[in-house]
Amino acid sequence: MNPKKETFITITGADRFMGIEALRPNQTLKLVKDIDNNYDDESIKVIGESGATYGYVANSVYSVARGSHSAGYIYETFEKEVDCKVLFVTNDIAIAQIL
């Protein structure tokens, strides 16, 4: 990943964890590779400071918002985890920037 290029991701699945209302602009979260996920080899969890899961980085053409990247796109750009900053939140997704 080019460090000068801004990379945006879609956070999805918040409704299955802490709820979309737990995500807020300017919040810093960690993206952590979910190596134990049996359904997606490129799965990336979105977790908070306490270790609570907020959702996942979207990895489907149906869930990745236009202008953002999928988990598969960013998976090999970091070793185990990387920080991101939430930019804005909608009804069911959030857009974040990788830091």
Side-chain angles (χ1 to χ4, degrees):
M1 181 175 356
N2 181 345
K4 293 183 181 186
K5 182 180 177 190
E6 294 177 329
T7 303
F8 304 102
I9 51 107
T10 304
I11 299 171
T12 190
D15 57 323
R16 288 183 242 131
F17 297 97
M18 300 186 67
I20 196 70
E21 57 279 345
L23 295 167
R24 60 188 186 285
N26 295 315
Q27 182 178 24
T28 300
L29 299 167
K30 288 205 177 302
L31 304 180
V32 179
K33 290 181 178 181
D34 186 5
I35 58 172
D36 296 323
N37 190 307
N38 294 325
Y39 302 101
D40 185 351
D41 291 339
E42 299 170 326
S43 180
I44 301 172
K45 279 187 189 183
V46 180
I47 62 171
E49 290 179 1
S50 69
T53 301
Y54 282 72
Y56 279 83
V57 176
N59 204 22
S60 161
V61 294
Y62 302 107
S63 58
V64 177
R66 182 178 289 178
S68 68
H69 294 290
S70 67
Y73 181 87
I74 67 166
Y75 195 84
E76 295 300 326
T77 65
F78 62 95
E79 192 167 326
K80 193 173 183 182
E81 64 183 49
V82 67
D83 289 338
C84 72
K85 180 189 235 179
V86 176
L87 300 178
F88 61 89
V89 181
T90 68
N91 292 336
D92 58 349
I93 64 166
I95 302 297
Q97 180 179 4
I98 295 178
L99 300 177

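Connection of Y54 to I74 is established within a shared hydrophobic cluster, with ILVMFWY side chains joined at heavy-atom distances below 4.5 Å, either directly or through further cluster members. At a threshold of 4.5 Å between side-chain heavy atoms, the hydrophobic network of Ile, Leu, Val, Met, Phe, Trp and Tyr places I20 and L29 in one connected group. Hydrophobic clustering (ILVMFWY, side-chain heavy atoms < 4.5 Å, transitive): L87 and V57 are in distinct clusters.
In this structure, NZ on K30 lies 9.5 Å from CG on L99, to the nearest 0.5 angstrom. Rounding to the nearest 0.5 Å places CD1 of I11 at 12.5 Å from CG of D92. One finds the CG atom of N59 at 11.0 Å from the CD1 atom of I9 (value rounded to the nearest 0.5 Å). One finds the CZ atom of F17 at 7.0 Å from the NZ atom of K45 (value rounded to the nearest 0.5 Å). Here OH of Y75 is found 7.0 Å from CD1 of I44. Values are rounded to the nearest 0.5 Å. For the atom pair OG (S43) and CD1 (I35), the distance works out to 11.0 Å, reported to the nearest 0.5 Å.
L31 places a side-chain heavy atom less than 4.5 Å from the side chain of V46.
Within a 6.0 Å radius of CG in N37, other residues, nucleotides and ligands contribute more than 12 heavy atoms.
Between the side chains of Y56 and D34, at least one donor-acceptor pair of N or O atoms lies under 3.5 Å. Side-chain polar atoms of T12 and S63 form no donor-acceptor pair below 3.5 angstrom.
Members clustered with V61: Y62, by chain and number, using a 4.5 Å side-chain heavy-atom cutoff among hydrophobic residues.
The two residues A52 and M18 make their nearest non-hydrogen contact at CB-SD, 3.7 Å. When all heavy atoms of T10 and A65 are compared, the closest pair comes out as OG1-N, 2.9 Å.
Each of I98, V32, T7 was checked for a side chain to side chain contact (heavy atoms under 4.5 Å, CB included) with V82, and the lone residue meeting it is I98.
Between H69 and Y73, the two ring planes are parallel [angle under 30°; tilted spans 30° to 60°].
Between the side chain of S68 and the main chain of F8, no donor-acceptor pair closer than 3.5 Å is present.
Note that K33 lies in the cation-pi zone of F78, set by a 6.0 Å cut-off to the ring centre and a 45° limit from the axis.
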